[in-house]
Amino acid sequence: MEPRPAAPGPCPGDSRGAEQAAAASSLNPAGADSRPRRRAPAVAAVLPAGGSGERMGVPTPKQFCPILERPLISYTLQALERVCWIKDIVVAVTGENMEAMKRIIQKYQHQRISLVEAGVTRHRSIFNGLKALAEDQPDSKLCKPEVVIIHDAVRPFVEEDVLLKVVTAAKEHGAAGAIRPLVSTVISPSADGCLDHSLERARHRASEMPQAFLFDVIYEAYQQCSDYDLEFGTECLQLALKYGHINAKLVEGSPDLWKVTYKRDLYAAESIIKERISQHICIVMDTKEDENHVGHYLEEILKNELNHVKVTSGALCPASRDLEQIILEQCYNYVCVNVMSSDFEETRKLLNMLEESNLSILYPIVVISVYFLDYKSVPFDEKMESLIQIREYAKEVKKRNILLSGLLICFPQDEQRLQASLRQGVTIIATLIKERNSGLVGQLLVA
């Protein structure tokens with residue numbers, strides 16, 4: 001078993017309601033409430049990641065397929081790392097992919113991860129992961145948890161609330177699993193390929209992940225199960241029922257629990273990720289004090305036109321700390337406003353701050369450098385010659401996962417023409433952020 005990094009992963013806050021937050025705090029030993037309470041269960045997670053991805057029809061196993069140039073499994077690990085009460089995450093990968101998995105952990109700075117070698121089937125991989133957590137193994141380096149979560153490496157959108165629900169239910173019932181309504185009717189064919197019978201869809205559910213178990217329940221079930229179960233079985237809840245006589249509690253899951261199975265699912269997952277990281281835009285100006293700063297007009301139009309997106313502003317001046325706070329809040333979209341200037345001073349300052357933050361390790365950051373230039377004072381050809389330098393600079397920062405583009409808006413104009421130019425500029429900004437198209441990196445667009 002490969003040892004994990006010792007430091008715990010980050011524990012960002014979230015927006016759960018008071019009831020759910022209280023339940024989560026009972027699982028989090030770092031909670032602020034120091035009053036005596038029932039002992040929180042130690043929780044670990046096991047991710048079988050030894051699949052070959054045959055149904056996807058690509059040479060790369062699906063858990064390692066890239067989404068926005070980052071392996072799918074990294075998104076799933078990030079989702080579990082966000083949950084600060086999950087102490088250990090054990091990933092079962094094949095021997096041939098072990099080094100690749102180590103590189104992923106190092107590159108994306110994953111924490112609390114331990115690696116074990118996968119088995120030839122899903123159940124054997126899970127069993128190997130459980131063995132790494134059991135105290136009866138001679139080379140065990142991890143502490144045995146009270147509750148263990150079993151999740152799929154290719155379900156990247158699992159949220160803390162459903163993890164909390166299955167862990168809480170497993171603590172009470174011994175086993176629990178997420179379920180979803182059936183989308184299609186299930187039928188049973190006869191030996192000659194004709195319909196034998198069908199199931200009443202309303203009475204049945206699709207078993208999903210995550211699932212959670214009292215560790216002793218599921219570990220003992222795996223120790224008892226037959227070679228046939230290990231070779232052909234896929235349902236962990238059934239093992240707990242068959243060998244532990246535990247009727248699992250079924251927990252209604254969210255639509256986000258779907259599994260990346262086919263090639264088209266990669267495109268769907270990419271679309272969801274792009275949508276999620278496009279919900280916050282920061283307007284960056286050299287100052288926030290001037291109410292007549294054209295950047296404020298741009299900010300207001302962005303808020304009006306993109307009313308489903310959070311739009312904030314930050315200043316590049318040394319005395320301002322709001323931009324640093326916005327970066328800490330993990331904003332991945334920046335519009336840097338340059339007024340009456342064709343150099344890159346403000347944009348360079350912003351890019352330096354973003355590079356120092358390491359924010360672009362996980363997701364590509366979109367930076368749009370907007371130039372408001374007086375078309376009367378400087379010939380247009382001269383402006384374009386100066387601004388075309390953005391292409392070379394964009395090539396450099398793209399290596400660090402920052403997508404830089406330029407937008408030119410002529411200024412000053414009469415108010416009506418300026419409003420029209422700003423609205424056209426907002427349309428361009430929204431497209432660049434939503435699409436995150438690397439083909440537009442370094443382009444200078446004109447509104």
So, for D256 and R276, which heavy atoms are closest and what is the spacing to 0.1 Å?
OD2-NH2, 3.4 Å
In the structure I gave you, are the side-chain heavy atoms of Q279 and H308 within less than 4.5 Å of one another anywhere?
yes
Aromatic rings H123 and Y222: how do their planes relate, parallel, tilted or perpendicular, breaks at 30° and 60°?
perpendicular
Test the K131-F127 pair against the cation-pi criterion, namely NZ or CZ under 6.0 angstrom from the six-membered ring centroid and within 45° of the ring axis.
yes
Before accepting this row, confirm whether a basic side-chain N of the pair R400/E355 lies closer than 4.0 Å to the acidic partner's carboxylate O.
yes
Short side-chain donor-acceptor distance under 3.5 Å, E235 and Q211
yes
Calculate, to the nearest 0.5 Å, the distance between atoms CG and CG belonging to N333 and L432 respectively.
10.5 Å
I need the L422 CG to I301 CD1 distance, nearest 0.5 Å.
4.0 Å
Plane angle bin for Y228 and F232 - parallel if under 30°, tilted between 30 and 60°, otherwise perpendicular:
tilted
Short side-chain to backbone donor-acceptor contact, R82 and E160, under 3.5 Å
no
With side chains defined as the heavy atoms from C-beta onward, is the minimum distance between E208 and V158 less than 4.5 Å?
no
Do you know which two heavy atoms are closest between L257 and A178, and how far apart they sit?
CD1-CB, 3.7 Å
Would E392 and K395 count as a salt bridge (Lys or Arg N to Asp or Glu O under 4.0 Å) if you check the C-alpha gap in whole Å, the side-chain angles of each, and the deciding distance to 0.1 Å?
CA-CA 5 Å; E392 293 303 315; K395 289 179 183 177; 3.5 Å; yes
If we only count heavy atoms from C-beta on, is the S74 to K107 side-chain gap below 4.5 Å?
no
Between K242 and D229, is the closest basic N to carboxylate O distance under 4.0 Å?
yes
Just one of V43, L80, T168 clears the side chain to side chain contact (heavy atoms under 4.5 Å, CB included) bar with L163, so which one?
L80
Does any donor atom in the side chain of S254 or E159 lie under 3.5 Å from an acceptor atom in the other side chain?
no
With I73, the side chain to side chain contact (heavy atoms under 4.5 Å, CB included) member among N97, V154, I105, V91:
V91
Does E99 come within less than 4.0 Å of K102, counting only side-chain N to carboxylate O?
yes
Determine yes or no for a side-chain-to-main-chain donor-acceptor pair under 3.5 angstrom, with S125 supplying the side chain and G119 the backbone.
yes
Applying salt bridge (charged side-chain N to carboxylate O under 4.0 Å, His left out), can you list everything that pairs with R124, at least two apart in sequence or on another chain?
E231
Distance-only donor-acceptor check, side chains Y108 and E81, under 3.5 Å:
no
Does R180 reach the main-chain N or O of A206 with its side chain, forming a donor-acceptor pair under 3.5 Å?
no
Flag the pair I402 / Y334 as yes when at least one side-chain heavy-atom distance between them is below 4.5 Å, and no otherwise.
no
Can you check side-chain contact (heavy atoms from CB on, under 4.5 Å) on K144 and Y219, steps first, answer last?
CA-CA 11 Å; K144 187 181 83 169; Y219 186 52; over 6 Å; no
Between R423 and E305, is there a salt bridge with N-O shorter than 4.0 Å?
yes
Would you sort out whether L237 and L250 count as a side-chain contact (heavy atoms from CB on, under 4.5 Å), showing the intermediate values?
CA-CA 10 Å; L237 298 178; L250 304 180; 4.2 Å; yes
When every non-hydrogen atom of A153 is compared with those of A49, the smallest separation belongs to CB-CB, 3.8 Å
Pairwise distance CG(N401) to CZ(R70) - rounded to 0.5 angstrom:
9.5 Å
Nearest heavy-atom pair of I429 and L302: which atoms, and what distance?
CG2-CD2, 4.4 Å
Does Y267 offer a backbone N or O that forms a donor-acceptor pair with the side chain of S271 under 3.5 Å?
no
With side chains defined as the heavy atoms from C-beta onward, is the minimum distance between T347 and L404 less than 4.5 Å?
yes
Given Q330 and L359, is the side-chain contact (heavy atoms from CB on, under 4.5 Å) satisfied, shown in steps?
CA-CA 7 Å; Q330 299 185 341; L359 189 63; 3.9 Å; yes
Using a strict 4.0 Å threshold on nitrogen-to-oxygen distance, state whether K171 and E146 make a salt bridge.
yes
Flag if over 12 foreign heavy atoms under 6.0 Å of NZ, K303:
yes
For a 4.5 angstrom cut-off between non-hydrogen side-chain atoms, does L230 reach C225?
yes
Which heavy atom of S369 sits nearest to which heavy atom of I390, and what is that distance?
CB-CD1, 4.3 Å
Heavy-atom closest pair (A175 atom, A240 atom, distance to 0.1 Å) is CB-CB, 4.3 Å
Under 3.5 Å, is there a donor-acceptor pair between the side chain of N128 and the main chain of E117?
yes
Nearest 0.5 Å, please: how far is OG1 in T76 from CZ in F157?
8.5 Å
How about M353 and L323: do any of their side-chain heavy atoms sit closer than 4.5 Å?
yes
Distance col, row D322:CG vs C282:SG, nearest 0.5 angstrom, shows 7.5 Å
So CG of L130 and CD1 of I218: to nearest 0.5 Å the spacing works out to 6.5 Å
Mind running salt bridge (Lys or Arg N to Asp or Glu O under 4.0 Å) on D152 and R122 for me, showing each step along the way?
CA-CA 10 Å; D152 285 330; R122 171 182 169 80; 2.7 Å; yes
Under 4.5 Å between any side-chain heavy atoms of N247 and H173, yes or no?
no
Would the number of heavy atoms belonging to other residues, nucleotides or ligands and lying under 6.0 Å from NZ of K274 be above 12?
yes
In sequence, state the C-alpha distance, the side-chain angles, and the governing distance for Y332 and I433, and then conclude on side-chain contact (heavy atoms from CB on, under 4.5 Å).
CA-CA 9 Å; Y332 290 93; I433 288 173; over 6 Å; no
